[in-house]
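Note sheet for the following structure.
Bear in mind the structure is a predicted one, so any value in this text is a computation, not a measurement. Computation of the quantities below employed the complete heavy-atom set of this structure, encompassing side-chain atoms and omitting hydrogens, waters and symmetry-equivalent molecules.
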Amino acid sequence: MSFIFSFEDYYDNVTTHGNHTPYIVDPETLPCEIKPLAPTAALTLCLILIAIFLLAIPGNLLVGWVIGTSRQALTPSDVYLLHLTIADGLMALTIPFSAVAVVEGWIFGDFMCKILSLVFEANFYTSILFLASISVDRYLVIVRASESLQSRQRMCSRLMCAAVWALGWALALPALFRDATKPDQDSDRMSCIETFDIGSSTSWRNATRGFRHIFGFLLPLIVMVGCYSVTVGRLLRSRGFRKHRAMKVIIAVVIVFLLCWTPYHITLIVDTILRANLIPFDCALRRAVNKALVITNVLALFHSCINPFLYAFVGEKFRNKMMQLLQKKAHGHPRQERMGSKFSRSTSQTSEGSGVVL
């Protein structure tokens with residue numbers, strides 16, 4: 001995923017000669033020569049990114065606070081959700097740099113280009129992998145429920161979190177190929193873009209995009225759809241009015257994931273096909289794909305701020321826990337704490353499982 005909205009990166013074909021990586025523009029694409037965003041469009045995009053940042057940070061902090069302050073033992077889903085909020089929060093911290101780059105270009109130098117791109121890419125992978133982990137846990141709890149299994153799940157959840165973080169950072173290492181450079185030598189604006197200087201730039205780009213599609217979308221999607229399909233089927237056959245609330249959260253998870261990420265990955269696949277010259281070059285299509293990449297990129301970023309609202313306000317458990325903590329924070333009376341404890345036990349008894357959120 002593009003860390004910076006670098007329109008040059010969508011057009012230019014990068015070739016390698018020794019240790020220098022010049023940008024060679026195909027003469028046939030000159031009618032589609034890149035032009036910077038209009039000031040109004042750039043400002044609008046900047047404001048949207050800032051809005052995402054302002055929603056994502058407090059939202060993820062709220063979820064982390066509620067889960068982290070829970071006195072009951074955390075379920076594996078709670079542990080995954082806590083790590084998911086960390087991943088989404090770290091990703092959101094990189095957004096202000098993108099917002100500035102939209103208006104001013106990349107002004108933060110090579111080191112920040114590499115580090116922030118690495119942080120963004122790592123948390124891009126980990127956030128999606130943690131969503132898949134939650135779907136697996138929901139499947140095990142509802143479909144394969146047993147006390148011994150739940151005990152083993154709690155022990156393995158920490159190891160799973162460590163594995164997800166390790167895999168996410170490993171998949172993000174190609175971000176170190178990004179540098180602050182001028183794609184157009186006639187322009188004064190710098191961009192934080194990929195500058196592959198080892199082997200074929202086309203091969204590297206196709207490989208990194210393949211990893212994004214497979215590990216950052218297709219595999220998690222298959223896991224989520226498979227697990228949640230079986231889980232919903234089991235809930236439909238079960239008795240009790242609580243199943244409808246559980247189904248609502250589960251269905252919302254899949255729908256939001258698809259709405260946020262599918263358009264971006266489809267657009268990126270089309271962009272890769274155009275770069276590989278698998279279809280005849282068309283200037284209008286090239287420009288349409290360029291605009292679509294910007295729009296779907298922003299839509300994908302919304303996922304980092306939607307998750308807290310999705311799990312927090314669709315789920316009854318979280319609302320009850322949050323209200324209990326807010327009341328305790330506001331009053332702090334022993335009587336209130338006893339009432340909160342009683343209320344918490346009552347909620348736990350009437351809800352499926354003992355999780356804080358799901």
Under 4.5 Å between any side-chain heavy atoms of Arg286 and Leu274, yes or no?
->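 Arg286 vs Leu274: side chains touch.
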Minimum side-chain heavy-atom gap Ile269-Ile273 below 4.5 Å =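 Yes. Closest side-chain heavy atoms under 4.5 Å.
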Would you confirm whether [X], through its side chain, and [Y], through its main-chain N or O, come within 3.5 Å as a donor-acceptor pair?
X	Y	answer
Asn123	Val119	yes
Ser117	Lys114	no
Asp137	Pro76	no
Asp271	Thr267	no

What pairs with Leu299 under side chain to side chain contact (heavy atoms under 4.5 Å, CB included), at least two apart in sequence or on another chain?
->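 Once residues adjacent in sequence are excluded, the partners of Leu299 under the side chain to side chain contact (heavy atoms under 4.5 Å, CB included) criterion are Pro263.
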Under a single-linkage definition using a 4.5 Å side-chain heavy-atom cutoff for Ile, Leu, Val, Met, Phe, Trp and Tyr, are Leu173 and Leu129 assigned to the same hydrophobic cluster?
->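 Same cluster: Leu173 reaches Leu129 through Ile, Leu, Val, Met, Phe, Trp or Tyr contacts under 4.5 Å.
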Atom pair [atom1]/[atom2] of [X] and [Y] - distance to nearest 0.5 Å:
X	Y	atom1	atom2	answer
Ser127	Leu90	OG	CG	10.5 Å
Phe120	Leu93	CZ	CG	12.0 Å
Leu235	Arg138	CG	CZ	10.0 Å
Met91	Phe53	CE	CZ	14.0 Å
Ile67	Ser77	CD1	OG	10.0 Å
Ile306	Ile52	CD1	CD1	8.5 Å

Aromatic ring proximity Phe108/Phe97, centre distance under 6.0 Å =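 Yes.
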Under a 4.0 Å N-O cut-off, is there an ion pair linking Arg178 with Asp110?
->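 Salt bridge: no.
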Please list all pairs passing the side chain to side chain donor-acceptor pair (under 3.5 Å) test where one or both residues lie in residues 159-176, with sequence neighbours left out.
->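 For residues 159-176, and leaving out neighbouring residues, the side chain to side chain donor-acceptor pair (under 3.5 Å) pairs sorted by first residue read His83-Trp165.
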How about Thr85 and Asp88: does a side-chain donor come under 3.5 Å of a side-chain acceptor?
->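 No donor-acceptor contact under 3.5 Å links the two side chains.
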In a check of side chain to side chain contact (heavy atoms under 4.5 Å, CB included) between Phe217 and each of Thr262, Ile128, Ile266, which one passes?
->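 Testing each of Thr262, Ile128, Ile266 against Phe217, the sole residue satisfying side chain to side chain contact (heavy atoms under 4.5 Å, CB included) is Thr262.
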Would Glu121 and Arg212 count as a salt bridge (charged side-chain N to carboxylate O under 4.0 Å, His left out) if you check the C-alpha gap in whole Å, the side-chain angles of each, and the deciding distance to 0.1 Å?
-> CA-CA 9 Å; Glu121 290 282 344; Arg212 288 190 188 116; 3.3 Å; yes
